[in-house]
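To start, the structure itself, in structure tokens.
Residues take their numbers from the sequence shown, with the count starting at 1. FYI, side chains are in, hydrogens and waters are out, and symmetry mates aren't considered; it's all heavy atoms of this structure.
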Amino acid sequence: MRQFRFAKMIAAFLIGILLVQIHACSPSSQDSEGASGSQANENTTLTIATVNNSDMVVMQDLSKQFEEENPNISLKWVVLEENVLRQRVTNDIANRGGQFDVLTIGTYETPIWAEQGWLLPFENLPAEYDVEDILPPVRDALSYEDKLYALPFYAESSMLYYRKDLFDAAGITVPDQPTYEQVREWAAAVHDPDNGVYGICLRGKPGWGENTALFTTMVNTFGGKWFDTNWQPTLDSPQWREALTYYVDILNQYGPPGVSSNGFNENLALFSTGNCGMWIDATVAAGKLADPDESQVADTVAFARAPVASYPNGSNWLWAWSLAVSASTRSPEAAQTFIQWATSKPYVQLVAQERGWVAAPPGTRRSTYEQAEYKEAAPFADIVLTSIESADPSKPTADPVPYKGVQFVAIPEFQALGTQVGQTLAAALTGQVSVDQALQQAQANAVETMKRAGYIS
């Protein structure tokens with residue numbers, strides 16, 4: 001049975017690679033070289049796969065200091081768009097290709113891959129690393145059998161961003177806990193496309209970590225779930241229909257053009273240039289939007305908890321972009337040395353020194369939130385900390401469920417299924433199919449996936 005389950009899990013990841021339907025570029029001669037070097041005094045080259053967001057770009061730039069401090073270790077960066085990163089890293093780890101030494105992965109992959117022996121654990125971390133300083137929900141999410149298998153570079157929940165100048169002009173006061181019904185009213189009030197302002201921006205780009213992530217939190221707070229306690233899919237339930245109808249209607253009425261192509265990065269660009277009245281997304285964007293060097297709305301952006309509908313839990317997610325060591329690396333000690341550096345307290349201080357406290361990696365260390373300089377520079381700090389600490393992956397839904405995860409379902413098959421459903425959501429958004437047709441297709445895909453994987457008969 002165990003061998004069957006292992007084979008099933010590998011198959012799920014490989015099927016996911018096929019179903020993502022992303023044409024990843026063939027590795028160039030530069031980024032396809034395997035890691036080289038030995039662990040002692042000889043030169044070591046670490047190949048690092050990471051995502052193309054601004055925090056990781058800062059890490060890549062500041063890593064010159066790491067190389068100066070560790071002259072025997074050279075870093076080679078492979079920076080990819082989020083969906084492509086997931087595909088490339090999953091393909092490499094599942095096939096034990098050894099292309100990457102350091103992997104940028106999240107709270108979804110870490111425990112699943114750790115169970116399969118695809119990652120190396122972080123054991124005997126030095127006292128100065130202060131592992132207890134990592135926020136408990138983040139630490140727990142990156143552990144398997146009480147061992148850490150990834151260290152968080154930054155962590156996030158989700159929150160509501162809004163233009164206070166527009167809201168003040170419309171006479172809107174945002175409460176501590178907004179609702180989705182209020183969000184609909186506010187979107188209508190501030191929608192001004194003739195002047196390039198759209199009432200709301202939300203993720204529409206297909207992908208289990210893109211539109212499906214946001215939409216799953218909506219399903220949760222609208223009272224729905226992916227599966228019942230017997231693993232039967234419930235994607236054609238009234239709660240899913242209510243959530244999808246809301247999602248399609250609000251974006252078609254008050255969203256920007258081409259919304260089905262907009263993921264996190266695209267919406268960050270739209271909001272930071274003043275084109276969105278509201279945006280519900282990852283808390284990690286707060287530092288970028290509040291930074292006048294990066295945002296045209298730094299002096300007008302305001303922050304609130306992620307909105308809720310009928311059920312209070314599950315509306316704000318928990319995620320950590322983290323660094324892990326591939327079990328296939330030939331340089332495990334060097335890889336762990338780099339990861340400890342990039343996720344340490346001194347690294348946070350380095351970012352603050354070089355880029356300002358508002359740019360410090362958020363959501364990982366309690367000590368960051370105890371810094372007076374950070375709290376002064378980051379007016380969103382308390383909301384982010386509260387959102388992360390209140391996110392409960394073990395109880396994301398109104399009804400009991402057999403899975404963990406807020407914006408995802410922590411089973412190997414979800415990578416493929418979540419992407420399939422994301423494509424269906426995008427089709428409903430663009431009017432290619434109706435809401436009912438989209439839900440019927442999503443339900444059929446879920447049933448097929450769960451039968452094939454052996455969860456249901």
Side-chain angles (χ1 to χ4, degrees), residues 135-138 155-191 199-203 213-223 242-243 246-247 250 254 267-268 271 276-290 295 297-319 358 362-363 366 368-372 374-393 395-398 406-407:
L135 296 173
V138 177
E156 63 185 32
S157 186
S158 52
M159 68 193 303
L160 171 68
Y161 303 98
Y162 63 97
R163 289 266 308 274
K164 192 172 186 305
D165 56 333
L166 300 179
F167 276 52
D168 287 347
I172 300 170
T173 299
V174 177
D176 291 339
Q177 179 56 77
T179 68
Y180 269 105
E181 187 55 42
Q182 290 172 321
V183 165
R184 189 201 307 269
E185 296 170 1
W186 298 339
V190 302
H191 188 57
I200 191 165
C201 293
L202 298 173
R203 297 188 188 192
L214 170 73
F215 186 73
T216 297
T217 65
M218 295 179 67
V219 168
N220 293 342
T221 195
F222 275 86
E242 183 181 9
Y246 179 99
Y247 175 75
I250 197 170
Y254 309 119
N267 283 320
L268 175 60
F271 194 98
C276 303
M278 278 182 295
W279 180 32
I280 303 165
D281 213 298
T283 57
V284 71
K288 313 300 175 293
L289 295 175
S295 171
V297 296
D299 58 341
T300 61
V301 62
F303 315 91
R305 295 285 302 273
V308 299
S310 60
Y311 180 66
N313 291 350
S315 66
N316 57 290
W317 66 59
L318 179 66
W319 182 259
V358 74
R366 184 164 297 280
T368 301
Y369 292 86
E370 293 171 349
Q371 290 278 350
Y374 181 68
K375 296 186 76 170
E376 181 179 353
F380 48 81
D382 288 343
I383 294 176
V384 173
L385 183 61
T386 299
S387 298
I388 289 174
E389 292 184 325
S390 66
D392 188 352
K395 295 179 181 178
T397 58
V406 181
Q407 78 276 26

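Rounding to the nearest 0.5 Å gives a distance of 12.0 Å between OG of S387 and CZ of F303.
Residues passing the side chain to side chain contact (heavy atoms under 4.5 Å, CB included) test with A187 are I200, I250, Y254, M278, sequence neighbours excluded. Residues forming a ring-ring contact (aromatic ring centres under 6.0 Å, His included) with F222 (at least two apart in sequence, or on another chain): Y180, Y246. The side chain to side chain contact (heavy atoms under 4.5 Å, CB included) test applied to E185 returns E181, not counting sequence neighbours. Residues meeting the ring-ring contact (aromatic ring centres under 6.0 Å, His included) test with W317, sequence neighbours left out: none. With sequence neighbours left out, D382 forms a side chain to side chain contact (heavy atoms under 4.5 Å, CB included) with K375. K164 pairs by the side chain to side chain donor-acceptor pair (under 3.5 Å) definition with D168, not counting sequence neighbours. In this view, Y311 and N313, A398 satisfy the side chain to side chain contact (heavy atoms under 4.5 Å, CB included) rule, not counting sequence neighbours. Among residues two or more places apart in sequence or in another chain, the side chain to side chain donor-acceptor pair (under 3.5 Å) test is passed with R163 by D165. When the side chain to side chain donor-acceptor pair (under 3.5 Å) test is applied to T179, the partners found at least two apart in sequence or on another chain are Q182. Applying the side chain to side chain donor-acceptor pair (under 3.5 Å) rule to W319 yields no partners; only residues at least two apart in sequence or on another chain are considered.
Among I383, D281, V284, the one residue that satisfies the side-chain contact (heavy atoms from CB on, under 4.5 Å) test with M159 is I383. When each of T397, N220, T216, D392 is tested with V406 by the rule side-chain contact (heavy atoms from CB on, under 4.5 Å), just one qualifies, namely N220.
The closest donor-acceptor contact from the side chain of Q177 to the backbone of A306 lies under 3.5 Å.
Within the structure, salt bridge (Lys or Arg N to Asp or Glu O under 4.0 Å) contacts touching residues 169-180 (residues at least two apart or in different chains) do not occur.
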Run the side chain to side chain contact (heavy atoms under 4.5 Å, CB included) check on R366 and L135 step by step: do they pass? CA-CA 6 Å; R366 184 164 297 280; L135 296 173; 3.6 Å; yes
How far apart are the C-alpha atoms of F215 and Y247, what are their side-chain angles, what is the distance that settles it, and do they pass the side chain to side chain contact (heavy atoms under 4.5 Å, CB included) test? CA-CA 8 Å; F215 186 73; Y247 175 75; 4.0 Å; yes
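Annotation: E376, atom CD; neighbour count of heavy atoms from other residues, nucleotides and ligands within 6.0 Å does not exceed 12.
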